[in-house]
2 protein chains.
Amino acid sequence: MLTLKPDHSELVVLAVLAEAPSYGYAISKAVAARSEGHFRLGPSSLYPMLTKLEKQGLVDTDWEEVKADTADPDAEGRKRKWYRLSAKGQKRLAQHIEAYHRARSILDTFVAPAAEGRGATQ
Amino acid sequence: MLTLKPDHSELVVLAVLAEAPSYGYAISKAVAARSEGHFRLGPSSLYPMLTKLEKQGLVDTDWEEVKADTADPDAEGRKRKWYRLSAKGQKRLAQHIEAYHRARSILDTFVAPAAEGRGATQ
DNA sequence: CAGGATATATCGGCTTGCGATATATCGCAA
DNA sequence: TTGCGATATATCGCAAGCCGATATATCCTG
């Protein structure tokens, strides 16, 4: 039984991470860029979700110390938290994709007849 | 800017009503039937939504007195509340469909590469 | 006359998404 | 050198949506 509210945000994030490990800010920009600005994933949506993914073991994380252009070797640099898809995360992504495809084909059967005779075909 | 959480329930209900006027219980059954049991729209999801649609003027309503198989002409029969799509509701449906198509094509670009090389090409 | 299907409706809780907000660093240009 | 926009992560609290449980009442069939 499918829910009528598929968790698209999680699907998108997992899909992005499936291509290459990334970090929060880059994911946010990637989603906006690849959707040509149609999808937005702001900090308040993204970071709680990444935390949730981490807790569920769907992603593994690493902190990267982004070195500043400084002579001081003890300087505290900016930190970047990298996320990479775990095996469990890959399985979850596959489930998401399967659910999405199923939901899509069913929704199409509802939408298609309603779009006919109104020029809204596509 | 699209939200990542399209209101599929409303889309589905409006799409069903676009084909023919109907009432709550029938809509619930129609959704389950047409999705082959994959979509479920129970009373606690459906009725609050229909009320909302009515308040927003997207549907017009009529009560039907379902006559019982009784000799008594004064008998109180079961009541059926019919919903039919208004002009405003048709416009809203068109917007829903457009948003759905846009969201679908964008989501596909995220999903497609993630599905490659894993036999999940469907 | 009992039980399942028909028919509508509310309540409370859980989850999710997001605007607002906070903090801190980096790089570039004035 | 200083200030500002971009980079980078994170929390709080509200609003909305979905749904299980529950309630009520009628109809039809066995």
Side-chain angles (χ1 to χ4, degrees), chain A residues 1-13 21-33 39-56 59 61-72 74-83 96 103, chain B residues 1-14 21-33 38-56 59 61-72 74-83 96 103:
Chain A
M1 196 75 84
L2 291 176
T3 175
L4 287 172
K5 182 190 64 173
D7 193 344
H8 288 163
S9 305
E10 189 172 304
L11 165 63
V12 164
V13 170
S22 187
Y23 56 93
Y25 191 78
I27 294 171
S28 178
K29 294 297 166 189
V31 168
F39 282 171
R40 161 191 26 141
L41 215 62
S44 56
S45 302
L46 183 58
Y47 290 108
M49 222 199 54
L50 289 173
T51 302
K52 200 184 70 179
L53 294 179
E54 191 181 2
K55 276 179 185 162
Q56 292 179 350
V59 293
T61 62
D62 273 303
W63 282 101
E64 177 198 6
E65 187 83 10
V66 180
K67 295 292 174 195
D69 193 7
T70 314
D72 186 359
D74 294 342
E76 277 281 315
R78 190 189 326 199
K79 283 166 188 171
R80 208 177 262 163
K81 193 174 184 181
W82 286 86
Y83 294 85
H96 268 293
Chain B
M1 196 76 83
L2 290 175
T3 175
L4 287 171
K5 182 190 68 175
D7 194 344
H8 288 160
S9 303
E10 189 172 303
L11 165 64
V12 163
V13 169
L14 292 177
S22 188
Y23 55 94
Y25 192 79
I27 294 171
S28 179
K29 294 296 167 191
V31 168
H38 288 296
F39 282 171
R40 163 191 22 142
L41 215 62
S44 55
S45 302
L46 183 57
Y47 290 109
M49 223 199 52
L50 288 172
T51 303
K52 201 186 67 177
L53 294 179
E54 191 181 3
K55 277 179 186 162
Q56 293 179 350
V59 293
T61 62
D62 274 303
W63 281 100
E64 177 198 7
E65 187 82 11
V66 180
K67 298 290 176 195
D69 193 9
T70 316
D72 185 357
D74 294 342
E76 277 283 312
R78 190 189 327 198
K79 283 167 188 171
R80 208 177 262 163
K81 193 173 185 181
W82 286 86
Y83 295 85
H96 268 293

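Order of the sequence lines fixes the chain letters, A, B, ..., with proteins taken first and strands second; residue numbering starts at 1 for each chain. These numbers come from a predicted model, not from an experiment.
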field: Rounded distance [0.5 Å steps], OG1 in B:T61 versus CG in B:L53
entry: 11.0 Å
query: Can you check the B:Q56 CD to D:dG17 C1' distance for me, whole Å?
result: 13 Å
- prompt: Which nucleotide in the list D:dA8, C:dC18, C:dA9 gets nearest to the side chain of B:K81?
  reply: C:dA9
query: Can you name the closest pair of heavy atoms from B:P43 and B:P48 and give their distance?
result: O-CD, 3.6 Å
message: Stem finding on DNA chain C, please: runs of three or more consecutive Watson-Crick or G-U wobble pairs, both distances under 3.5 Å, sorted by first number.
response: C:1-30 with D:1-30
- prompt: DNA chain C: A:S44 or B:T51, which has the more 5' nearest nucleotide?
  reply: B:T51
- prompt: Between atom CD in B:E64 and atom C1' in C:dT8, what is the gap in whole Å?
  reply: 14 Å
field: Options D:dT9, C:dA9, C:dG17, nucleotide nearest the side-chain atoms of A:Y47
entry: D:dT9
- request: Could you check whether A:W82 gets within reach of a base, just the sugar-phosphate, or nothing at all, counting any heavy atom under 4.0 Å?
  value: nothing
- prompt: Roughly, in whole Å, what's the span from CG in B:L41 to P in C:dA7?
  reply: 16 Å
- request: Say whether, by atom type as modelled, one donor and one acceptor occur between the side chain of A:S28 and the main chain of A:L41 under 3.5 angstrom.
  value: yes
task: Measure the spacing between OH of A:Y47 and CD1 of A:I27 and express it to the nearest 0.5 Å.
output: 8.5 Å
task: Please state how far atom CH2 in A:W63 lies from atom P in D:dT7, giving the value in whole angstrom units.
output: 18 Å
- line: note: B:H8, atom NE2; C:dG17, atom P; distance rounded to Å ~ 13 Å
Short side-chain N/O contact to C:dT15 OP1/OP2 from A:K52, under 4.0 Å: no
message: Going by side chain to side chain contact (heavy atoms under 4.5 Å, CB included), name the residues that satisfy it together with B:K52, two or more places apart in sequence or in a different chain.
response: B:D7, B:E10, B:Q56
statement: Judged by nearest nucleotide, the residue sitting upstream toward the 5' end of DNA chain C, B:P48 or B:Y23, is B:Y23
query: Which one, D:dC27, D:dC18, D:dA8, comes nearest to the side chain of B:S9?
result: D:dC18
query: Atom CG of A:L50 and atom P of D:dA10: how far apart are they, to the nearest Å?
result: 8 Å
task: Calculate, to the nearest 0.5 Å, the distance between atoms CZ and CD belonging to B:R78 and B:E65 respectively.
output: 11.5 Å
Closest non-hydrogen atom pair between B:L11 and B:H96, with its separation: CD1-CB, 3.7 Å
- request: State whether A:R78 places a side-chain N or O below 4.0 Å from either non-bridging phosphate oxygen (OP1 or OP2) of C:dT23.
  value: no
- line: For B:L50 and B:V13, the nearest pair of non-hydrogen atoms, with its separation, is CD2-CG1, 4.1 Å
message: Does D:dA25 have OP1 or OP2 under 4.0 Å away from a side-chain N or O of B:R80?
response: no
message: Counting only side-chain heavy atoms from C-beta out, which of C:dC18, C:dT16, C:dT8 sits nearest to A:S45?
response: C:dC18
query: Between B:Y25 and C:dT8, is there a side-chain N or O to OP1/OP2 distance below 4.0 Å?
result: no
message: Over all strands shown, is A:G24 touching base, sugar-phosphate only, or nothing at heavy-atom distances under 4.0 angstrom?
response: sugar-phosphate
- request: Let me know the distance between CG of A:L46 and C1' of C:dG17, rounded to the nearest Å.
  value: 12 Å
statement: Here the distance between atom P of C:dG17 and atom CG of A:L11, to the nearest Å, is 12 Å
